[in-house]
Amino acid sequence: MKICIVGAGALGCAIGGVLAEAGHAVWLINRGQAQVDALRHHGLTLRENGVDRQVAVHAATRSAEIDGTVDLVIVLVKSFHTFEAIDSARCIVGPDTVVLSLQNGLGHEDVLAEVVGRQHVLAGKTYAGGVMLAPGHVLVGTQGKETLIGELDGQVSDRATAIAAAFNQAGLITTVSNNILGTMWDKLLVNVATGALSGITRLTYGDLYAVPEVEAYAVAAVAEAMAVAKAAGIQLTSTEPRQAWVKAADGLPAAFKASMLQSLEKGSVTEIDFVNGAVVRWGVKYGVPTPVNQALVACIKGIERGLPR
């Protein structure tokens, strides 16, 4: 397949790297010139289990640099950049191109559909991770981590099945879901459990999971989100809140950093409005109190306010 990853940060490079190793023609799009230069001159370096390996990929700062259309666009930009990113990628979307969001949080598929048409869009969630060690050098967290994709109408389509097969061939454990909204909420629970708390404490997963008080607060935040999902009629696979806390770190190295922490360390705003903030908004809509998530949102907003401008 000819695949373009729009938003080739840590996770985008991790996923793109293993897909390229499996023989697919992968383009990594990143607005940072240093990242693109490193990828072009030295290839992508993947670090896994303490060992580095090189992967050949294509890289560009703009989707327009790709010749022709692609088979699959994977959108992994920060939530607040979704419209701008897919609008700039219109030129590589052909009649049969699939556009797949693997972003954190809720609501991206509606934005993508507004730009390219709902018929092109697949929804998805991944539990894979990555940490950017340096331009073009990524710590990979894909082994044993599940990815779920699905049609917005719940059908199990040929195109979703083909993409899942390609991902599985590359070592990305991927399943086609007929309950993608429930799947998205299951992943949201994982982000709710660790993202904000990692950003607030500035702890890697190894240290974050060593603090019992942090675990208690994480489980309380997830419990609120599950109550909201129940009120909204969402069908979850999770049955108790601590499952999300355990799943968030499963298979990831102690040095792993949640994406929210990575954003803050780079001096960037986070996706808090699309994660814990989404729980708060849905809670208001369905009359479910969410004080723990409100507190986490407030703390992250305060930290963002103090970032260098």
Side-chain angles (χ1 to χ4, degrees), residues 1-77 85-86 89 91-94 96-103 122 124-149 159-175 251-253 259:
M1 298 176 69
K2 186 178 180 182
I3 301 170
C4 174
I5 296 184
V6 180
L11 178 57
C13 285
I15 291 175
V18 297
L19 287 171
E21 284 183 313
H24 301 286
V26 176
W27 281 85
L28 301 178
I29 306 299
N30 188 293
R31 294 187 301 177
Q33 193 63 54
Q35 170 82 332
V36 171
D37 287 345
L39 293 169
R40 284 175 171 172
H41 297 152
H42 308 293
L44 174 62
T45 303
L46 302 179
R47 176 171 294 177
E48 200 164 16
N49 300 321
V51 178
D52 286 346
R53 63 185 192 270
Q54 301 294 122
V55 184
V57 294
H58 305 284
T61 56
R62 299 178 302 116
S63 300
E65 296 179 49
I66 300 175
D67 184 24
T69 60
V70 302
D71 300 306
L72 175 64
V73 177
I74 302 174
V75 182
L76 275 167
V77 296
I86 193 60
C91 54
I92 61 170
V93 177
D96 299 317
T97 300
V98 176
V99 178
L100 169 65
S101 168
L102 290 178
Q103 298 159 280
L122 282 185
K125 291 296 167 189
T126 184
Y127 294 89
V131 175
M132 191 65 68
L133 302 175
H137 192 183
V138 175
L139 177 65
V140 178
T142 59
Q143 284 188 359
K145 307 301 287 186
E146 186 180 27
T147 297
L148 298 105
I149 64 175
R159 65 181 187 175
T161 302
I163 291 169
F167 279 28
N168 279 304
Q169 183 190 21
L172 298 166
I173 303 170
T174 305
T175 304
L252 292 178
S259 60

**Student:** Got a donor-acceptor contact below 3.5 angstrom from the Lys125 side chain to the Gln103 backbone?
**Tutor:** yes
**Student:** Using the test side chain to side chain contact (heavy atoms under 4.5 Å, CB included), find all partners of Arg159 that sit at least two apart in sequence or belong to another chain.
**Tutor:** Val98, Leu122, Glu151, Ser157
**Student:** Once you round to the nearest 0.5 Å, how far does CD1 of Ile86 lie from CD1 of Ile92?
**Tutor:** 7.0 Å
**Student:** Taking all heavy atoms of Thr175 and all of Glu146, pick out the closest pair and write down the distance.
**Tutor:** OG1-OE2, 4.2 Å
**Student:** Starting at CG of Leu252, measure out to CG of Leu139 and round the result to the nearest 0.5 Å.
**Tutor:** 9.0 Å
**Student:** Please examine the side chains of Leu46 and Glu21, heavy atoms only from C-beta on, and report whether any two atoms are closer than 4.5 Å.
**Tutor:** yes
**Student:** Measure across Ser63 and Cys4 and return the closest heavy-atom pair with its distance rounded to 0.1 Å.
**Tutor:** OG-SG, 4.5 Å
**Student:** Just verifying a value: how many Å separate Ile149 CD1 and Thr161 OG1, rounded to the nearest 0.5 Å?
**Tutor:** 7.5 Å
**Student:** Quick one: closest heavy-atom pair of Met132 and His137, and the distance?
**Tutor:** SD-O, 3.5 Å
**Student:** How many angstroms lie between atom OG1 of Thr174 and atom CG of Leu148, to the nearest 0.5 angstrom?
**Tutor:** 8.0 Å
**Student:** Can you measure from CG (Leu11) to CG (Leu76) and round to the nearest 0.5 angstrom?
**Tutor:** 5.0 Å
**Student:** For residues 27-34, which side-chain N or O atoms pair as donor and acceptor with protein atoms under 3.5 Å away, sequence neighbours left out?
**Tutor:**
| unit_1 | atom_1 | unit_2 | atom_2 | d |
| --- | --- | --- | --- | --- |
| Asn30 | OD1 | Gly32 | N | 2.7 |
| Asn30 | ND2 | Ala8 | O | 3.0 |
| Arg31 | NH2 | His81 | NE2 | 3.4 |
| Gln33 | NE2 | Asp37 | OD1 | 2.9 |

**Student:** Indicate the atoms forming the closest heavy-atom contact of Thr69 with Val93, along with that distance.
**Tutor:** CG2-C, 4.0 Å
**Student:** Taking the side chain as every heavy atom from C-beta outward, state whether Asn49 and Gln143 have any pair of such atoms under 4.5 Å apart.
**Tutor:** yes
**Student:** Once you round to the nearest 0.5 Å, how far does CG of Leu39 lie from OG1 of Thr45?
**Tutor:** 8.5 Å
**Student:** Using side-chain heavy atoms (C-beta onward) and a distance below 4.5 Å, is Gln169 in contact with His24?
**Tutor:** yes
**Student:** Could you report the tightest heavy-atom contact between Cys13 and Gln35, atom names first, then the distance?
**Tutor:** SG-NE2, 3.3 Å
**Student:** Over all heavy atoms of both residues, which pair between Gly129 and Ala14 is shortest? Give the atoms and the distance, please.
**Tutor:** O-CB, 3.9 Å
**Student:** Treating Lys145 as the side-chain partner and Thr126 as the backbone partner, does any N or O pair qualify as donor plus acceptor under 3.5 Å?
**Tutor:** no
**Student:** Counting N and O atoms only, with roles assigned by atom type, does the side chain of Thr97 sit under 3.5 Å from a partner on the main chain of Val70, one being a donor and the other an acceptor?
**Tutor:** yes
**Student:** Looking at Asp52 and Arg47, is any side-chain nitrogen of the basic one under 4.0 Å from a carboxylate oxygen of the acidic one?
**Tutor:** yes
**Student:** Given His58 and Ile66, is the side chain to side chain contact (heavy atoms under 4.5 Å, CB included) satisfied, shown in steps?
**Tutor:** CA-CA 9 Å; His58 305 284; Ile66 300 175; over 6 Å; no
